[in-house]
Amino acid sequence: MMHLKLIWILAAVNVPLSLQLQSVQDLANGISNNFLEWLASIFLPINTTTARPVTNNSKPTTPSTTTTKRTTTAIAINLDPTERECSVCLCGLINTLRIVGGQETRRHQYPWVAVVLLNSRFYCSGSLINDLYVLTAAHCVKGVPVELIEVRLLEHSRSQKDAFVVRRFASHVKTHEFYSPVSFDNDIALIRLDRPVPVDGTLRPICMPVPGYSFEGELGIVTGWGVQAEGGLASDTLREVSVVIITQAECRNSSYSESEITDNMICAGDLAEGGKDACTGDSGSPLHVPFEEEPGQYQLAGIVSWGDGCARPNTPGVYTRVNRYLRWIGANIHGACLCTPYPEEDL
């Protein structure tokens with residue numbers, strides 16, 4: 001039995017580090033190559049979230065944890081620090097109960113799910129983790145000019161206008177330093193929004209995961225706007241699918257080789273029959289799991305990363321294992337106001 005309060009204190013981190021912004025001239029010189037690199041990484045794969053890796057030559061990252069204070073230091077676009085006062089907020093709470101056996105989510109059901117757009121066109125998803133940052137896959141944003149990235153929150157249908165939709169533009173993107181576009185190891189990135197979003201009403205961030213927990217045998221929920229079958233079209237509305245998280249040994253004994261599945265990855269799916277999986281267009285989407293003591297409150301177990309096809313037998317979906325990166329996340333969310341999974345008075 002997990003004890004929610006203790007594990008959250010262990011998971012919360014905020015290790016200040018100075019960020020570096022690329023000069024305008026450097027960006028101008030590198031925009032062409034970076035943009036082409038990004039187009040290749042996003043659009044060339046045709047049967048999966050991202051292409052199956054050929055080899056694995058990246059080193060695993062093992063995080064540690066510290067304690068986070070409620071009052072933080074915010075940074076403007078020029079990275080000059082200013083003081084912020086943070087109000088109390090709760091993370092991971094859904095807005096409605098899930099439809100039993102259904103596929104389309106209720107409107108604003110998972111309020112942390114973000115649409116990530118390039119030049120106003122949908123291409124990836126992400127998860128709001130506090131009032132200033134969205135967590136996504138590195139392969140979604142690596143090499144993408146930051147001025148082209150837009151984030152939308154509380155969007156259910158991509159074709160219908162919704163007064164609740166919150167729009168922000170990216171002011172900075174941080175991809176993991178050891179991300180490998182070959183093996184997809186360390187496939188994780190942070191998008192810093194140009195200004196904070198309100199997180200005290202319908203819009204809420206997802207909770208960070210329990211550190212060190214394997215999630216083996218847990219039923220996870222993947223949400224996204226990706227295609228519903230290989231070769232299909234992206235969904236207009238946010239959809240969900242339930243998948244069972246399997247062990248590392250099971251994943252390494254599937255159609256994937258042992259070297260392809262690093263300790264920084266987590267796998268989910270029905271090995272015997274397939275049938276349920278993330279697919280093309282779901283990159284960066286969350287794999288969330290409810291807390292054991294709070295079934296209506298979710299933590300971010302994984303980020304949709306790659307896979308061989310979609311929903312094939314013996315071929316699970318592969319996700320970035322978020323609790324391997326708690327220290328990295330904490331070190332790169334400067335200026336954010338953090339939400340906890342329990343009321344502050346219960347500390």
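Computed from a prediction, not measured in an experiment: that's the story for all the values here. Below, each value reflects all heavy atoms present in this structure, side chains not excepted, and no hydrogens, waters or symmetry copies.
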Please check: side-chain N/O of [X] versus main-chain N/O of [Y], any donor-acceptor pairing under 3.5 Å?
X    : Y    : value
T175 : A138 : no
R192 : V173 : no
Q297 : E294 : no
S125 : D282 : no
N186 : F178 : yes
D131 : P196 : no
Y110 : L93  : no
N95  : T202 : yes
N130 : L132 : yes

Same hydrophobic cluster for [X] and [Y], using side-chain heavy-atom links shorter than 4.5 Å among ILVMFWY?
X    : Y    : answer
Y123 : V165 : no
F169 : V141 : no
F122 : V144 : yes

Looking at every non-hydrogen atom in both residues, tell me the closest pair between [X] and [Y] and how far apart they are.
X    : Y    : answer
P290 : L219 : CD-O, 4.1 Å
R321 : Q248 : NH2-OE1, 3.0 Å
A301 : V289 : CB-CG2, 3.9 Å
Y325 : T320 : CE1-CG2, 3.6 Å
L128 : Y133 : CD1-O, 3.6 Å
S214 : I245 : O-CG2, 4.4 Å

With a 4.5 Å heavy-atom cut-off, do [X] and [Y] have their side chains touching?
X    : Y    : answer
T340 : C89  : no
I129 : I206 : yes
V322 : I329 : yes
L287 : I221 : no
V243 : D270 : no
C267 : Y319 : no

Residues forming a side chain to side chain contact (heavy atoms under 4.5 Å, CB included) with A114, sequence neighbours excluded: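 A114 satisfies side chain to side chain contact (heavy atoms under 4.5 Å, CB included) with V134, V151, L153 only.
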Contacts of type side chain to side chain contact (heavy atoms under 4.5 Å, CB included), residue L117, not counting sequence neighbours: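 So L117 forms a side chain to side chain contact (heavy atoms under 4.5 Å, CB included) with V115, E150, R152.
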Worked check of side-chain contact (heavy atoms from CB on, under 4.5 Å) between E177 and W328: CA-CA 10 Å; E177 296 81 356; W328 181 85; 3.0 Å; yes
Cystine candidate C86-C337, SG separation under 2.5 Å: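 Yes, the SG atoms sit under 2.5 Å apart.
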C207 and C91 SG atoms less than 2.5 angstrom apart: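 The answer is yes, since C207 and C91 bring their SG atoms under 2.5 Å apart.
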Mutual orientation of the aromatic rings belonging to F215 and Y213 [parallel < 30°, tilted 30-60°, perpendicular > 60°]: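 F215 and Y213: perpendicular rings.
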Aromatic plane relationship, Y298 with W112 - under 30° parallel, 30 to 60° tilted, over 60° perpendicular: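 Tilted, since the angle between the ring planes falls between 30° and 60°.
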Pair S171, D194: side-chain N/O donor-acceptor within cut-off below 3.5 Å: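 No pair is found: no donor N or O on one side chain lies under 3.5 Å from an acceptor on the other.
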Test item: side-chain donor near acceptor, T262 and D185, under 3.5 Å: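 Yes, D185 and T262 have a side-chain donor paired with an acceptor closer than 3.5 Å.
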Please round to the nearest 0.5 Å and tell me the distance separating atom [atom1] of [X] and atom [atom2] of [Y].
X    : Y    : atom1 : atom2 : result
R312 : L271 : CZ    : CG    : 14.5 Å
S180 : K142 : OG    : NZ    : 10.5 Å
R168 : I191 : CZ    : CD1   : 14.0 Å
E240 : Q109 : CD    : CD    : 5.5 Å
H176 : L190 : NE2   : CG    : 10.0 Å
S305 : N264 : OG    : CG    : 10.5 Å

Results of salt bridge (charged side-chain N to carboxylate O under 4.0 Å, His left out) for R252 - residues two or more places apart only: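 So R252 forms a salt bridge (charged side-chain N to carboxylate O under 4.0 Å, His left out) with D263.
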Stepwise side-chain contact (heavy atoms from CB on, under 4.5 Å) check, I261 with V318: CA-CA 8 Å; I261 306 301; V318 186; 4.1 Å; yes
Residue pair I246, E216: steps toward the side-chain contact (heavy atoms from CB on, under 4.5 Å) verdict: CA-CA 5 Å; I246 63 176; E216 293 173 358; over 6 Å; no
Aromatic centroids of H139 and W306 separated by under 6.0 Å: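 Ring centres of H139 and W306 not closer than 6.0 Å.
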Check against side-chain contact (heavy atoms from CB on, under 4.5 Å), V199 and R204: CA-CA 5 Å; V199 290; R204 283 184 294 273; 5.5 Å; no
Of V304, I303, T223, the residue whose pairing with P286 passes side chain to side chain contact (heavy atoms under 4.5 Å, CB included):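 With P286 as partner, side chain to side chain contact (heavy atoms under 4.5 Å, CB included) holds for just one option, T223.
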